[in-house]
Number of protein chains: 2
Amino acid sequence: MWRMARPRKPLLSRDRIVEAAGVLVDEEGLEAVSTRRLAAALGVSGPSLYNHFRTKDAILEAVADAVSAKVDLSMFAGVADGGSGGGSGGGSDGGKDWRGALYDWAHSYREALSDHPNIVPVLARGPGRRPAGLRLADAVFGAMTAAGWPPAQATRIGALMRYFILGSAVASFAGGFVDDETAYDPADYPHLGQAHLLAERRREVDEAAFETGLTALLDGLALQYEALRAGAPEAARPAPGC
Amino acid sequence: MWRMARPRKPLLSRDRIVEAAGVLVDEEGLEAVSTRRLAAALGVSGPSLYNHFRTKDAILEAVADAVSAKVDLSMFAGVADGGSGGGSGGGSDGGKDWRGALYDWAHSYREALSDHPNIVPVLARGPGRRPAGLRLADAVFGAMTAAGWPPAQATRIGALMRYFILGSAVASFAGGFVDDETAYDPADYPHLGQAHLLAERRREVDEAAFETGLTALLDGLALQYEALRAGAPEAARPAPGC
DNA sequence: ACCTGAACACCGTTCAAGT
DNA sequence: ACCTGAACACCGTTCAAGT
């Protein structure tokens, strides 16, 4: 026979599988990824994948980590103790400011996610053991503590930035409405008369909301940082628990 | 035969199905909901469900809407033009302040979601045509415009609050790490030495981060509101697009 | 080591058949 | 109108068999 059970050189590799899975996720969504469909795209039969990954979910985790790896973390290098106000150039003692780094990082993060929105639900499950996800968490925490935030606060900043950025990617506001003028009866929803228009301006609306929210978040954190510096640590720690 | 194809009184109703589906989602997660499993819990066969819902997804949407319906919206009644600072009592002209309403609403929203975390991915898809989801969006937008926010800004506030609240429910920070001391090698992740401890303090850590983030967000928005009131609308509209 | 087809225990959904 | 069992076209995963 022509078909061999095992060719001289492997047909598959982890990289080829992740690559093909990523394309499938981007083009047709998470639900479209079945082991049979993915294997077919790679020219092999379904069970072959299990020679390279333990489960289908491990493949999706790898796709998610590849997206995390695209997030720029270089802005955290050199963040040091210093002011949070002023420009994005540097702090008072030469270190880069935490606020500018957080701003740039948030944009890079959001851009990576909006290039691959369908994988975001997998990313949202947390870094777990995914290397790129962990590097990201490590970089944020390291930079915030270097900037003078107490460890407990640095953890919270990493968490709340994650909520906002992943939330903006997974819970699109504008895309959540339907593009149907008759869908939102003014008698039921007096203020939703224009809501059907949101669907077609999705990108624009969500980008503006992200920018407004990010600015508010950083402004608010800067206020807490100032209070911290002014020697009123309680004011900067409104929450219970360590 | 004893078994009839159709009993005198219907065995099923939309409400009974939604109720049972909600229990299944809460106890075993979204993936555990199959039409056969759900039907078995209700004492009927799988296809029976299709007499009451068009698809399985429509059932999950109904479960999600039931959770949305639990979010308190009463704090938006009576929000009017006025200051955003001060106490949570009222604005300068007798209307309740938008900031206090947003704060209370965010907590009520988060509480509803944390009671039913497994359904959040369905909620995150947006209100679509779900009545309770739409009432929620309507109430926020109506209250923010009543408080004096320009419509475009009111839309953004609804969106960014949604990002943050749904993000905190779907993208738990602490729960994203594994409870395994050996998982995070200090050589790879110099600042993640205590990360494995997050898993067991999940609730505490996520609650503190939510509180810190919400306060920062509202502080930042208050700054924008003040700038708006001071007659510098550009300062309050840092984002492009209407 | 790495791929195959067959098989197992599932899915969501349709549909003719019953009352 | 509302429930049933049978059927269709799928799933993820295991496994013995091939080279």
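Only this structure's heavy atoms are used, side chains among them; waters, hydrogens and symmetry mates stay out. We name chains A, B, ... by the order of the sequence lines, and we start the count at 1 in each one.
- Proximity note for B:Ser34 (side chain, C-beta onward) versus C:dT14, D:dC3, C:dC11: the nearest is C:dC11.
- Note on A:Ser45: every side-chain N or O is 4.0 Å or more away from OP1 and OP2 of C:dC3.
- Here the side chain of A:Pro47 is nearest to one of C:dT13, D:dC3, C:dT4, namely C:dT4.
- The distance between atom CZ of A:Phe53 and atom P of C:dC3, rounded to the nearest whole Å, is 13 Å.
- Atom CD of B:Glu31 and atom P of D:dT13 are 13 Å apart (whole Å).
- The closest side-chain heavy-atom distance from B:Leu123 to B:Ser68 is below 4.5 Å.
- Distance, B:Leu38 CG to C:dC11 P: 11 Å, rounded to whole Å.
- Nucleotide C:dA9 is matched to nothing when pairs are restricted to Watson-Crick or G-U wobble geometry with both distances under 3.5 angstrom.
- Distance B:Arg16 CZ to D:dC2 C1': 14 Å, rounded to the nearest Å.
- Residue B:Val63 is tested with B:Asp26, B:Asn118, B:Ile119 for a side chain to side chain contact (heavy atoms under 4.5 Å, CB included); the sole match is B:Ile119.
- For C:dT4, the OP1/OP2 oxygens have a side-chain nitrogen or oxygen of A:Ser48 closer than 4.0 Å.
- Set against D:dT13, C:dC2, D:dC3, the side chain of A:Tyr50 has D:dT13 as its closest nucleotide.
- Checked against the 6.0 Å centroid criterion, the rings of B:Tyr163 and A:Tyr163 do not qualify as a close aromatic pair.
- If you check the side chains of A:Asp57 and A:Thr55, you find no donor sitting under 3.5 Å from an acceptor.
- Considering only heavy atoms from C-beta on, A:His196 stays 4.5 Å or farther from A:Asp180 through its side chain.
- The side chain of B:His52 lies closest to D:dC3, out of C:dT14, D:dC3, C:dC11.
- Look at CG on B:Leu49: it is 14 Å from C1' on C:dC11, rounded to the nearest Å.
- The side chain of B:Arg36 lies closest to C:dC11, out of C:dC11, C:dT4, C:dT14.
- Residue-to-nucleotide proximity on DNA chain C shows that, of B:Lys56 and A:Asn51, the 5′-proximal contact is made by A:Asn51.
- B:Arg54 comes within 4.0 angstrom of no nucleic acid atom, judged by non-hydrogen atoms across all strands.
- Between B:Arg37 atom CZ and C:dA9 atom C1' there is a gap of 14 Å when expressed in whole angstrom units.
- Distance CD1 (A:Ile17) to C1' (C:dC3): 12 Å, rounded to an integer number of Å.
- D:dA1 atom P lies 17 Å from atom CG of B:Leu11, rounded to whole Å.
- The base-pairing partner of D:dG18, taking Watson-Crick or G-U wobble contacts with both distances under 3.5 Å, is C:dC2.
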